[in-house]
Every structure is written in C-alpha cells, then in structure tokens.
Amino acid sequence: MGAVYGIVVREFVRFARQRGRALSSIARPFIWLIFAGAGFATVFTGGDELDYRRYMAPGLLGMVVMFGSLLASLSTVTDRDAGVLRMLLVAPIRRSTITLGKALGATGLGTAQALVVGVILLPAVRLWPGGAGLLLALAALAVSSLALGALGLVLAATMRSIENFAGVMNFVVFPMLFLSGALYPVRRLGPALRALVYLNPLAYGVDLLKHALLAEWMGAGYGGELPVLLDFAALAAFAAAGLAVAARLLAREGGVARAAFRERG
Amino acid sequence: MTAAAIAARGLGKDFGSIRALDALDLEVREGEFFGFLGPNGAGKTTTVHILATLLAPSRGAASVAGYDIVREDLQVRRGIGLVFQETTLDRDLTVAENLRFAARLWSIPGRAAASRIEYLLRQFALLERRGDPVRTLSGGMRRALDIARGILHEPRVLFLDEPTAGLDPRARRGLWEVVSGLRQSLGLTVFLTTHYVEEAEPCDRVAVLDRGRLVALGPPAELKREAAVSSLEGVFLARTGHPLAEAGAS
C-alpha cells in the first residue's frame, strides 16, 4: 500500500509543479461556458426554468473529470520516455499495483480539479442542488474519474509516444465529449449514435451528474435518463475492465529495446 | 564455498527469429565484482533485464539473490538494485523527492527512509542539492543519484548497466570510487556490463560476450595469460576472430 500511496503522491506533486496544466484545467470549462454557452443558449428550449448555462454545468464538470483523469493517465507515456516507468517496473511490487497507483492518482486529480471548478461554477450558474445532490455529485465525479483514468492507462499503454496525442483528442476525447450528453440531451440522437453513447463511460458519468444537479428538471426531460444504479454499475465495469487490461499491457512493458535487436538481425 | 549471488543455467532469449542470448551458464559469487564485457548488441542488457525480472527468458533458468527469477520475481526485485543505462529519475521532482518516492515503492518505513536518505545524500555529496529539481543536476550528479537510489533498500546484488555512458572522465572516476567504497563497506555483489575494456580490468572475474554467446570467463589476468595477449581487447580478438570495437551493430 505504501507503493500505491507513493505513486499517488508523485502524481499530485507533479501536477502542482505544472502551473500551466493546473490553470488550463480550471479555465477550460469556463471558456466553454462563456463561448459555447452563449451560442447554444440561443437555440436551447429549456423554457424559462432552465437556462442553457445551468443545463451545461453537469456536463462541464464531466468534461473537467475527463480531461483531468485522462491527462493524468496519459502521463504514463512521458513516464516511459523519461525512464521513470522502468524504475516502477524494477520495484518489488506487482504490475497491478503500479496500475492501481496510476489510476488512483488520476482519480484524485480528476476529482480534485472538478471540485475546484464546481465550487466556482455552481454558484456562477445559480445551481443549488442540496446536500444529497452534492454527495451524489461527489460520488459521480470520483467513480467517473476512476473509469476514465483506467481507460487512459489502456490508451497510454498502446501509445508509442505523446505525439499521438492529437489522434487521441480527435478519435477519443471529442467523440466522447459530444456523445456524453454534456452539451445536449442524447435521447434524441439516432439509434447508431445512441449505441455509441452506451459505450461511452463519460455518458454514464454525466448522466449521474445530471441526476445529482438537475433533479429539479427531471420531469421536463433534462435530468438523468438512466437509473442511478445502472450508471454506477457501468462506470464500475469500465473501471474494472480498464484496470485489468492496463495491468496486462504493462506486464509486457519491461522490455529491453527489442528494436535494438531488429537492427542487428 | 560461498553461496552464488547469481546463477544462470542455459539462459536464453529470442526476439522473434533473432537469438539475442543463446544459452548462458554463469555463476557470480557473493561479494564478487563481476564484469560482463562485450560490444553493443552482444546481449549484455538483455541478460541484465532477464536477471532483474524485467524480461521473461525464452529458455533456461536463473536465480538471483537466492530466488528464482520467474517464480519469485518480487523477492528477486527486493534483493537487487539496478542502475539502467539511461537515467530513470523524475526530472521534475527534487533530489530528495526522488529518493522518497523510491523509498515508498520499496516499502521502507518513513523514519528509516529519512535517515537512510540523509546518509546517502551525504555519501554521494548531494546534500546541498537535495531541494533542487533533478533537471538542474549535472550528468555525473544524476548518475550518482541513480546509484544512491539503486542501493537505497540495501540490496545484495547491484547491477550496473553501462553506468559511465555519457559521463566525463572526472565523473567516471567519482563513480568508480563510489562503487569500490560500496563493495568494501557492504560486501555488495556488483554485476557490471560494459564495452570498455579498461572498466572490466579491475573486476574479480570477467565474462566476455559476443553475439549472445559466452566466449570467455575468468579473472582478467588469467584470460590474458591463456590467450597470450596483454589486454582484454586481445582476449576478445583471440576468442572471436574480430576486434571488440568493430563488432557492434551500432
């Protein structure tokens, strides 16, 4: 357990050192709130009750979690380049312990960033969900962070270098964001896209956050759409599957440079 | 008769159709300073990574620090220190943070870790730099910190994989002083890989490796006498028919 703690502490220390990363993760949702919010608000028909910026709040928190935990997990790629991953691999701990440490680090970072954003965002859009709602939101943030962090570890294990990051943004991050219900209700999408929504861990996280924060507007069709327990179960399944796959991929990692021998052949 | 710190029998590794290591038989004694000499691509690093449980062998068996490298990999990793060719420090963390991070990975309890870190920082002349990020250190200092971290948990066997790569002569001398000090004070077994003959010269025994095969094994003086040459370079040439410096792929 000391090892898991050590890995988590390192993630937090590194994050604290990277001012730019911390600032942009806090600023990003507000940029969306201001610019995307202004545009979408003009076509959004939430009635007098629910203005678009308020509707957006759970989705923005989901977005913070996604960026926060995915980026934390993707740091495994830079760990590999810098050699730090080797140090982890030569320590007397299991590969699954390394995976768990990295995933919990991502969970902590993703949740913490969402909390900081939430403290500013919710009052800003005048959303007062009450104690039970806040507790549910906190649980939703933590479980979503874990699921997305685990997914990020799988991605990191399959990426050769951080230069593939643009590809991750295009083919993972943006589709995940748009098919999560963060920006518009997904229930009106066609069957093909809807099927993709159900394969998207962020969709379950955002759904939970809507349960937590938009309960008042559930009757009007803007709250959570799936049962709360189903959301939790889906996120837990994504987390477990992601951790298992990531640990397996990491076990193949130890390698001396195979490439060195390809040249010799 | 002393116990073997490292014992390998028929150890081999293939990468696809390439035989990186053929069938290595080797025994390194407790407390020995053992050199593993060969050109780049001879299979030295592959051997170290197999012995350190980072890479599974394709055939054969080995034990390190008394444990089987396949079945008891955690115990093996607990008993060894490994200094890689390239540094594995976190450049954004400070000197002390890097050591504290390692102490947690090796489950060294807080108080014991603090005094051990203090001791090592003093030993390696890094005490004044403890609060500085590693990226501000010179190459020689980083290497010293790599080694300090390698012995933080007081391993029985220390693997040094081409430890002087990229160091200037002064830093190299400093490194060898540190290593010989460690051997004298702790009786540490040191397994050194190198492609420099002068670094293999002070070893108790040297194994000469070429293209995945062991071509000579013994104390440097004996190897030179047998081959009737004056240097380990000559031993390599006599045993393989080609010079050490040109044998490598890179």
Side-chain angles (χ1 to χ4, degrees), chain A residues 1-22 72 75-102 104-105 248 250-265, chain B residues 13-20 40-50 52-56 73-82 84-94 97-98 100-110 133 146 149-150 153 159 161 211-212 248-250:
Chain A
M1 275 304 96
V4 171
Y5 174 70
I7 296 171
V8 172
V9 168
R10 171 172 171 263
E11 296 293 322
F12 271 83
V13 171
R14 283 182 61 86
F15 182 80
R17 298 270 152 84
Q18 297 164 341
R19 282 261 169 85
R21 185 175 154 202
S75 71
T76 312
V77 178
T78 37
D79 283 353
R80 192 200 287 130
D81 286 347
V84 179
L85 190 58
R86 286 213 155 149
M87 212 269 280
L88 289 165
L89 291 169
V90 80
I93 52 177
R94 303 234 158 264
R95 301 323 183 212
S96 51
T97 307
I98 302 175
T99 311
L100 185 65
K102 289 295 279 187
L104 289 181
R248 282 196 77 101
L250 194 65
R252 299 192 322 208
E253 194 78 49
V256 67
R258 267 149 220 260
F261 287 95
R262 262 180 227 132
E263 285 163 26
R264 203 184 87 190
Chain B
K13 180 72 188 177
D14 301 330
F15 292 114
S17 61
I18 296 161
R19 187 153 280 208
N40 291 327
K44 303 186 298 287
T45 297
T46 303
T47 306
V48 168
H49 286 192
I50 292 173
T53 78
L54 294 179
L55 204 59
D73 62 321
L74 283 186
Q75 286 94 326
V76 169
R77 292 207 288 280
R78 202 165 290 134
I80 63 167
L82 171 50
F84 291 94
Q85 266 178 49
E86 296 93 20
T87 178
T88 58
L89 299 164
D90 187 328
R91 273 165 279 231
D92 296 325
L93 297 189
T94 66
E97 281 168 345
N98 265 285
R100 273 203 296 276
F101 177 42
R104 291 192 183 115
L105 292 181
W106 266 266
S107 298
I108 306 171
D146 267 318
R149 195 183 50 195
H153 56 294
F159 290 93
D161 192 10
R211 293 179 188 169
S250 50

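Reminder, nothing fancy here: chain letters follow the sequence lines and each chain counts from 1.
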Exercise. CE of A/M87 to CG of B/D146: how many Å apart, nearest 0.5 Å?
Worked result: 9.5 Å

Seminar exercise, completed: In terms of heavy-atom contacts, B/R104 and A/G6 come closest through CD-CA, 3.4 Å

Exercise. What are the two closest non-hydrogen atoms of A/A91 and B/W106, and how far apart are they?
Worked result: CA-CZ2, 3.5 Å

Problem set entry | Proximal component of A/V9, with respect to chain B [non-hydrogen, under 4.5 Å] | side chain

For this session: Between chain A and each of B/Q75, B/R91, B/R149, count heavy-atom pairs under 4.5 Å; write down the option with the most.
Result: B/R149

For this session: Name the region of A/I7, side chain, backbone, both or neither, that has any atom closer than 4.5 Å to a heavy atom of chain B.
Result: both

Exercise. Taking C-beta and beyond as the side chain, do A/I93 and B/L105 meet within less than 4.5 Å on heavy atoms?
Worked result: yes

Seminar exercise, completed: Counting heavy-atom pairs under 4.5 Å with chain B, the top scorer among A/A3, A/G101, A/P92 is A/P92

Exercise. Relative to chain A, which segment of B/R100 carries a heavy atom at a distance below 4.5 Å: side chain, backbone, both, or neither?
Worked result: neither

Problem set entry | Set of residues satisfying side chain to side chain donor-acceptor pair (under 3.5 Å) with respect to B/T53, sequence neighbours excluded | B/R77

Problem set entry | Region of B/E97 in contact with chain A, defined by heavy-atom distances below 4.5 Å | side chain

Seminar exercise, completed: Looking only at B/L82, B/L93, B/I80, most heavy-atom pairs under 4.5 Å shared with chain A are made by B/L93

For this session: Using side-chain contact (heavy atoms from CB on, under 4.5 Å) as the criterion, list what pairs up with A/A22, not counting sequence neighbours.
Result: A/F15

Exercise. About how many Å separate CG of A/L88 and CG of B/D90, when rounded to the nearest 0.5 Å?
Worked result: 9.5 Å

Problem set entry | A/Y5 OH: over 12 foreign heavy atoms closer than 6.0 Å | no

Problem set entry | Within-4.5 Å side-chain heavy-atom neighbours: B/F159 and A/V90 | no

Exercise. Given side chains that start at C-beta, do those of A/R10 and B/N98 come closer than 4.5 Å, heavy atoms only?
Worked result: no

For this session: Heavy-atom distances under 4.5 Å only: say whether B/L89 touches chain A with side chain, backbone, both or neither.
Result: backbone

For this session: Ignoring hydrogens and angles, tell me if any N or O in the side chain of A/R14 forms a donor-acceptor pair with the backbone of B/D92 under 3.5 Å.
Result: no

For this session: Using a 4.5 Å cut-off on heavy atoms from C-beta on, say whether the side chain of A/R86 contacts that of B/E86.
Result: yes

